[in-house]
Amino acid sequence: MSARIGVVTFPGSQDDQDALRAVALVGAEPVALWHRDADLRQVDAVILPGGFSYGDYLRAGAIARFSPVMEAVIAGAREGLPVLGICNGFQVLCESHLLPGALIRNGGLLFINRDERLRVESTATAWTADYSVGQEIVIPIKNGEGRFTADEHTLDELEAEGRVIARYLDNPNGSARDIAGIANAAGNVVGLMPHPEHAVEELTGPYPGPATDGLPFFTSILKQLVAA
Amino acid sequence: MARVVVDVMLKPEILDPQGQAVQRALPRLGFDGIVDVRQGKRFEIELDGPANDAALARAREIAEKLLANTVIEQYEVRFDGAVDSATAAPAAATSTSAERTAG
Amino acid sequence: MARVVVDVMLKPEILDPQGQAVQRALPRLGFDGIVDVRQGKRFEIELDGPANDAALARAREIAEKLLANTVIEQYEVRFDGAVDSATAAPAAATSTSAERTAG
Amino acid sequence: MTTQPAQSAPQHYTVDTVENAAATPEVEQPYGALGVKPDEYDRIREILGRRPTSSELAMYSVMWSEHCSYKSSKVHLKQFGEKAPEVDFLLVGPGENAGVVDVGGDLAVTFKIESHNHPSYVEPYQGAATGVGGIVRDILTMGARPIAVMDPLRFGAADAADTHRVLPGVVRGIGGYGNSLGLPNIGGEVVFDPCYAGNPLVNALAVGVMKKSEIKLAQAHGPGNKVVLFGARTGGDGIGGASVLASATFDDGRPSKRPSVQVGDPFMEKVLIECCLEIFAEDLVVGIQDLGAAGLSCATTELAAAGMVSAGVGGMDVQLDLAPLRDATLVPEEILMSESQERMMAVVTPANVERFFALCEKWDVTATVIGTVTDTGRLRMTWHGETIVDVDPRTLAHQGPVYHRPYHRPDWQDGLQAAVPDSLSRPKTGEELRETVLRLLASPNLADKRWVVEQYDHRVRGNTVLAHGEDSGMLRLDEESNLGIALSTDGNGRYTKLDPYAGAQLALAEAYRNVAATGARPLAVTDCLNFGSPEDPEVMWQFAEATRGLADACQVLGTPVTGGNVSFYNQTNNQAIHPTPIVGVLGVIDDVTRRTRLAFEAEGDILLLLGDTRDEFGGSEWAHVVHGHLGGLPPKVDLERERLLAEVLIAGSRDGMLSAAHDLSDGGLIQAIVESALRGGHGARIVLPDELDPFVALFSESAGRAVVAVPRSEELRFTDMCRFRGLPVARIGVVDGDAVEVQGQFSIPLEELRRAHTGTFPALFG
Ligand SMILES: Nc1ncnc2c1ncn2[C@@H]1O[C@H](COP(=O)(O)OP(=O)(O)O)[C@@H](O)[C@H]1O
Ligand SMILES: [Mg+2]
């Protein structure tokens, strides 16, 4: 059977087509989801894509969190539905309290689009199993509010529970403890500021490369779903 | 018609890069002796109905639910004293209520 | 130490996409009867020295020069009434001065 | 349904009706304050057979303005059509919102460049942001999905205080708006020159793609069809001029201030784009027009006029009071002139209205039927039942004034051209050459622009094959066939100042060369002509020469001008900017996986210099940076050579002979080699040809040249091809090591080059 992976489009989503393309590239079935539909169309996993939902004028992800589709995603996530929030999607997950902490304005205040070197810290999630711990990868970031922040207690807890899934090797924005992505305790919900869906093709991925280090995010989930 | 102001500021323990950028810029512009700058958001909300406690409670709910992310921000809700004109009376004069929550 | 608040809002005639985005979201969250929402910035500035007219004048100069883009924004400068704690006295109570300029 | 009820008319407002205008011929109207000349006013009266109502006067004033009517430039722009090369791929030429080009398969591409110079000086962030928003709506209006933007920019001196106000805001604005639309920014320019202080140039190019069968035109036909206004509400934006009418027609009791600056709402535009594309996909519109400059005046008249021209009959009735307002106190004159952003107007058959509105509702877009297409030949507008406009729309849209402005060659032109750079002191020793390399590399115009372009998203949509730092931006259009396009914009104000005819040609030549360097075949052109005041005969001469040069060159290169924009009055205190035609070239590439990058990627590759190098330093970057000198003549133009060079570069890419190619332009050969070396992380050992003076070889800006890297195994095949076709080729070195070494002169480690190249922008603006 093939896995159905949904990608939500909010008004203002930008990288939804890219997430759908990445899903298709690894051989899963991409399913477009609309923010107004509470129905998840029987998908096996959900990706909240990058972009500027509702313009992100208030706070990134603040308004998207209240859309009908998010009620279903939140309920599903609590039941174990794999959810990956990329960039704006990560912000939505934090605003929804599916993940702790918040993403605030970058240290330098500017929007940054850059290929970042990351170290994978945890493979114990639905979305990172195909990496190895300590693996160094290159994935682009592009955001203005990507600086992860949380209180010390939360940060300690994330570390202790192995829920930091990736760290920046050259922290671009002042993220606490170089955190680029985290998971919930169950490992089904992952939030990541860098964009793995923009590192899936030799033609369009980071240059000079490696260009396709983002693929394992998508192969990881596919393998888990197919195995299930 | 009730006019309510909601001030949203980062909690003191949260780093404020925007405020810091302002503070760093000030000496270069010739402003010295600035000890601290914090930058937050101000919302002016007009609600139907009278300017009573119920209006304030509604605004507070909006702030709690939407305007502030209480993981990192705190907010304050109060009636807007300043009237609708560009030359303003002191904002303080007609304020009748204010409160701040640490979220 | 003087604590001054600078409120910076878009001039009323200028489109405020941020406020509009909030306003459009509110009915979906179950908040009706919201007539208008405007979103601006709030700065809290701590200055060396006494909280007198000179401090206010300095803050005003900072607002004019840096904090507000007077092409599209107006600002208001006043002493911060609320003290430095999370449980606040009414902001109004200790405000001593406020003014707004259309820039 | 989001239709909103008509607002009540503001109090105190006296409507100037058509009836009233006919009955009161003696009323004095403030046409002068609206920029309408006395003879133009007389013509309006003659056309109407009465005095215009204040609403009509508002419409004529904006439609007959320089910006909308091209009254000073028209007689020159004509050449782009008259001299247009015969091509079979041009689907829509100049005159529509943007030109459309057949790129093969069932796909068509539309692209256009526009300026937002003055607004960006007043309010850099919003000015630049709304500049992007405006050009993207033009592309959308053609029926296309916008797929990328580019931003050629010019600023005053890099270290001038005002540049530090303008540049960061402009860059943030372009990024803020473009990123929020989900449009990759795939290229642009950042150039500094004191002549742009007070007159920065913010040009924006947008490109879109559609099926050939889906091209939309701005036409209103079919009597009975509905006219729908949708998108943002109308506010008092950009109606500075209307205040004179306002004060003439009503008294007090309303806000006196009208915004001089338009604020953009990229989120609104993003949903408007998606909404329009779904509307297009279901074929729900007869015609569509964006609201840009001159807002509703322009959209209604252009739709109505074009409909009459194409269908023979037409006309439109509009109930202006139905337009949804952001500011309820606006009066008709202001509504007609408002330049509020993010608005569109569509003509929809009655049968499709319901579906049209359903899609608007899906995207939360406000839509309102405000009028109907008629067969009266008139554009009529009412305000709460009273007729305030009754005109032949063609008199507004097509029959504006045409000026034959006087022009003459400036007296100083000869002196400028005589001030050749030959006597400037040149570096001679290896050490002096080395220092000059580093100095130029770090100079603001040649320095690395990462600080700027990192603020732009170039990846979104996932089809960006090449972007910043390459010779052209390149996009994949079709994931199956790998068909793609390449785009480059160029323009050199110094060259054009020295010789406007040649300067415009060099702008085209450079953009053309850049497109070819990536392996794409140059097809078509868009241009933005940035000049001083057309009322100055010397500026007008520059304009006449530049348009003539561009039109002639397009003819030779076979690349028609498909559309563009003119920006006049770029001057402060009678000091005009350098004449700055910015030329954008669109190319097509059958297989984007065959693209050529500019990076040196493989050690041992052979470096070849293509073309002829002459002692040409007039207007050069070297003369500018080292001596602050501008004089002499720009590099020689040889369009046949450009065409030959392009053929070789395209063939080399197609046949897999090239590892890298980089066109030579500002800063000359050594600048190109250093850029390629830094990008690829491999150095180069250069052996300069014996017959050339080392300084000339390294820094001359002779046109028609490129440097390529070829694998050893391909060298013979490639050089044979060059010789066979008659393109001069010289072996100048090899990709090798961690330094750029020019044998017998100097060697500079890549790290040192990188520090010089990347340090400048962060130091200036970080
Ligand atoms: N420099 C130019 N070269 C070629 N065509 C031009 C030039 N300037 C303007 N045009 C054409 O004239 C028409 C009107 O231009 P413009 O008013 O900028 O269009 P719009 O109303 O869509 O903004 C367009 O088709 C445009 O392409
Ligand atoms: Mg247009």
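In what follows, chains carry the letters A, B, and so on, assigned in the order in which the sequence lines appear, proteins first and then strands, with residues in each chain numbered from 1.
Contact record, B:Ala21 with A:Leu109: CB-CD1, 3.3 Å, taken as the closest heavy-atom pair. Shown here for A:Leu58 and B:Leu67, the closest heavy-atom pair between the two residues is CD1-O, 4.0 Å. Scanning both residues, B:Pro17 and A:Gly107, for their nearest heavy atoms gives CB-O, 4.0 Å. Nearest approach of B:Gln18 to A:Arg105, heavy atoms of both residues: OE1-NH2, 3.1 Å.
For B:Lys41, the part sitting under 4.5 Å from any heavy atom of chain A is the side chain, from C-beta outward, and nothing else. Only the side chain of B:Ile72 comes within contact range of chain A, judged by heavy atoms closer than 4.5 Å. For A:Asp151, no part sits under 4.5 Å from any heavy atom of chain B, backbone or side chain.
In the displayed structure, B:Glu13 atom CD is contacted under 6.0 Å by more than 12 heavy atoms of other residues, nucleotides or ligands.
Contact annotation: the side chain of B:Leu15 never approaches that of A:Thr149 to less than 4.5 Å [non-hydrogen atoms, C-beta and beyond].
Residue pairs that meet the side-chain hydrogen bond (donor to acceptor under 3.5 Å, both in side chains) test with at least one member in residues 80-100 of chain A, sequence neighbours left out, are A:Ser53-A:Asn88, A:Asp56-A:Asn88, A:Arg59-A:Glu95, A:Asn88-A:Gln91, A:Glu95-B:Asn69.
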